[in-house]
Amino acid sequence: MELTQAVILALIQGVTEFLPISSTAHLILVPYITGWTDQGLAYDVALNTATWLAVVIYFRQDISGLAAGFLRLLREKTLDGNHDGKLALMVAAATVPVGIGGLLAHDIVAHDLRTLTVIGWSSIIWGVVLWLADRRPGSGEVRSMGWGSALFIGLSQMIALIPGTSRSGITMTAGLFSGLSRSGAARFSFLLAIVVGALAGGKEGVDMVRSGMETPWLAVFVGGVVAFVAAYLAIHYFLKLISRSSMNVFVVYRIILGVV
């Protein structure tokens, strides 16, 4: 793999991974546009690990709070007054549906659904649904969430298995429909991304070891650094953007992408 290809793929992965525009759709489209051959499993693992590290480091204080709350739950055996412990359980419960769906529908998602037609329609349809949800955002924040909202958002992640849907986009959409504010919906989506990313990355890592593929170490290192920086900045500026404006720019982009 040439370094130019490595850097471009890393930028695309880093910028789109946590925005509501589907990183999978963009990475599937790149070979159609450039004629590049598949970058290989080792490089995919490197990029996914890098973007996962970016969201973990960015939300390190939230993670620390959730871990402390969970340990407190184990000690006290009650959730009374333990908001962090309750949120930790919500995040775990909301991850179960997509984990089960990913295992059951892996072959269909990996092969049958990775088409331009599916990507195009998913981008448009779920872009319009995001627009509908974003018209009247709620005022709730993550710590005020109920179990119903958490499970609804978790179930919505299963739709994100369809290429072009966007895991971030569908969970933020579900969060907005549940009465969360834009920033609240985004923060819960990012917390879910930490768990989902760890599970997916672990599976990809096992697959890579089993495949025994040769690793392009220079491309992996450069791509990982670029993806990490791009993802970290994308998270930071996305949260700033939605704190003062709507998600219309992402809706318009999705529709244009789908049409093209």
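Keep in mind the model is a prediction, meaning the values are calculated, not measured.
Between Phe70 and His83, a ring centre-to-centre spacing not shorter than 6.0 Å is recorded.
Rounded to the nearest 0.5 angstrom, Leu66 CG and Asp84 CG are separated by 6.0 Å. From Ser168, atom OG reaches atom CZ of Phe238 across 7.5 Å, with rounding to the nearest 0.5 Å. Leu53 contributes atom CG, which lies 11.0 Å from atom CG of Asn48 (distance to the nearest 0.5 angstrom). Atoms OG and CZ, on Ser22 and Phe250 in that order, are 13.5 Å from each other to the nearest 0.5 Å. We find the CE-CG distance between Met158 and Leu161 to be 7.0 Å, quoted to the nearest 0.5 Å.
Within 6.0 Å of CH2 in Trp121 there are 12 or fewer heavy atoms belonging to other residues, nucleotides or ligands. Within a 6.0 Å radius of CZ in Arg182, more than 12 heavy atoms belonging to other residues, nucleotides or ligands are found.
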**OP:** Would you please test Ser23 and Glu17 for side-chain hydrogen bond (donor to acceptor under 3.5 Å, both in side chains) and show each step?
**Re:** CA-CA 5 Å; Ser23 61; Glu17 177 69 15; 3.0 Å; yes

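In terms of modelled atom types and a separation under 3.5 Å, the side chain of Arg72 and the main chain of Gly85 share no donor-acceptor contact. The closest donor-acceptor contact from the side chain of Arg244 to the backbone of Lys240 lies under 3.5 Å. At distances below 3.5 Å, at least one donor-acceptor pair connects side-chain atoms of Ser246 with backbone N or O atoms of Asn248. Side-chain atoms of Arg254 come within 3.5 Å of backbone N or O of Ser123 as a donor-acceptor pair.
Residues Val118 and Thr115 form a side-chain contact, since some pair of their non-hydrogen atoms from C-beta on lies under 4.5 Å apart. Side-chain atoms of Trp131 and Val252, non-hydrogen and from C-beta on, never get closer than 4.5 Å to each other. Contact annotation: the side chain of Leu192 approaches that of Arg167 to within less than 4.5 Å [non-hydrogen atoms, C-beta and beyond]. Contact check for Leu241 versus Tyr237: no side-chain heavy atoms found under the 4.5 Å cut-off. Counting heavy atoms from C-beta outward, Ile153 and Met90 have side chains that stay 4.5 Å or more apart.
A donor-acceptor pair shorter than 3.5 Å can be found between the side chains of Ser189 and Thr171. In this model, a donor atom of one side chain and an acceptor atom of the other lie less than 3.5 Å apart for Ser181 and Ser183.
With Phe190 as the fixed residue, the ring pair (Phe, Tyr, Trp, His ring centres under 6.0 Å) test singles out one of Phe59, Tyr58, Trp52: Phe59.
Residues Met172 and Val55 share a hydrophobic cluster, clusters being chains of Ile/Leu/Val/Met/Phe/Trp/Tyr side chains in contact below 4.5 Å.
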